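A quick write-up on the structure given underneath.
In this text, all values refer to a predicted model and were calculated from it rather than measured experimentally. Keep in mind that the numbers below use all heavy atoms, side chains included, and drop hydrogens, waters and symmetry copies.
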Amino acid sequence: MAPAAASGGSSLPSGFSVFATFPDLLFVFEFIFGGLVWILIASSLVPIPLIQGWVMFVSVFCFVATTALLVLYIIGAHGGETSWITLDAAYQCVAALFYLSASVLEALATISMQDGFIYKHYRENIAAVVEVVIKQPDLS
């Protein structure tokens, strides 16, 4: 997560310095877009409840995990250990896989509801699919 630690720099950022380094600043965008995904998925009408359940689980899980990691970085729970870079990279990979699966399932549900549903619901689902695809975390 923090290139300074990976390249032999001093330490991982903590406190409000988390918002001063580029990779760590992406937590804020993950937090904002994660909330938007959560709202869009909750308001979209998906005819298959199992698909909406998985997509909602992914959005809530990733939103909560991102928030927890952000808070842990801010309070300095990492103690300067670089193993947190591995933890963060592993979480980002899992989140990317989850969001990819969620966007494919949401797109499938949206395509299946093209006929016979109100156009407003169709557009909401398209927005949810696009937002899930945009929300995929940065793996750098």
Side-chain angles (χ1 to χ4, degrees):
M1 181 72 172
S7 62
S10 61
S11 67
L12 291 170
S14 61
F16 289 106
S17 64
V18 170
F19 300 113
T21 60
F22 176 69
D24 300 315
L25 184 61
L26 293 177
F27 270 126
V28 176
F29 295 111
E30 284 185 50
F31 183 76
I32 292 168
F33 285 119
L36 289 175
V37 167
W38 191 357
I39 292 166
L40 277 171
I41 296 302
S43 69
S44 66
L45 176 66
V46 178
I48 307 166
L50 188 60
I51 290 177
Q52 186 159 13
W54 172 250
V55 174
M56 194 65 187
F57 166 76
V58 167
S59 64
V60 171
F61 170 78
C62 290
F63 182 78
V64 169
T66 298
T67 304
L69 275 175
L70 177 64
V71 168
L72 289 172
Y73 268 96
I74 289 174
I75 65 172
H78 52 73
E81 295 180 24
T82 58
S83 62
W84 278 70
I85 297 171
T86 306
L87 171 72
D88 186 47
Y91 164 69
Q92 298 298 341
C93 288
V94 168
L97 182 66
F98 276 13
Y99 274 118
L100 180 63
S101 69
S103 66
V104 168
L105 289 174
E106 184 73 17
L108 177 68
T110 301
I111 289 170
S112 71
M113 70 180 281
Q114 189 170 4
D115 298 324
F117 282 87
I118 300 171
Y119 188 63
K120 175 186 173 211
H121 296 302
Y122 183 66
R123 287 188 320 203
E124 283 178 354
N125 279 11
I126 290 173
V129 169
V130 170
E131 187 68 30
V132 167
V133 170
I134 289 173
K135 174 58 185 95
Q136 292 185 7
D138 176 36
L139 297 177
S140 59

Check: Between Leu69 and Leu87, is a side chain to side chain contact (heavy atoms under 4.5 Å, CB included) present by the stated rule, with each step listed?
Finding: CA-CA 10 Å; Leu69 275 175; Leu87 171 72; 4.2 Å; yes

Check: Where is the tightest heavy-atom contact between Ala65 and Tyr91, given as atom of each residue plus distance?
Finding: CB-CE1, 3.4 Å

Note to self: For the backbone of Met56 and the side chain of Ser59, can you confirm whether one donor and one acceptor N or O come within less than 3.5 Å of each other?
What the structure shows: yes

Report the distance from atom [atom1] of [X] to atom [atom2] of [Y], rounding to the nearest 0.5 Å.
| X | Y | atom1 | atom2 | value |
| --- | --- | --- | --- | --- |
| His78 | Ile85 | NE2 | CD1 | 10.0 Å |
| Thr66 | Phe29 | OG1 | CZ | 14.0 Å |
| Gln92 | Tyr99 | CD | OH | 10.0 Å |

Next item on the list: May I ask you to decide if the ring planes of Tyr73 and Trp84 are parallel, tilted or perpendicular, using 30° and 60° as cut-offs?
Entry: perpendicular

Note to self: Tell me every residue that passes side chain to side chain contact (heavy atoms under 4.5 Å, CB included) with Leu97, counting only those two or more places apart in sequence or in another chain.
What the structure shows: none

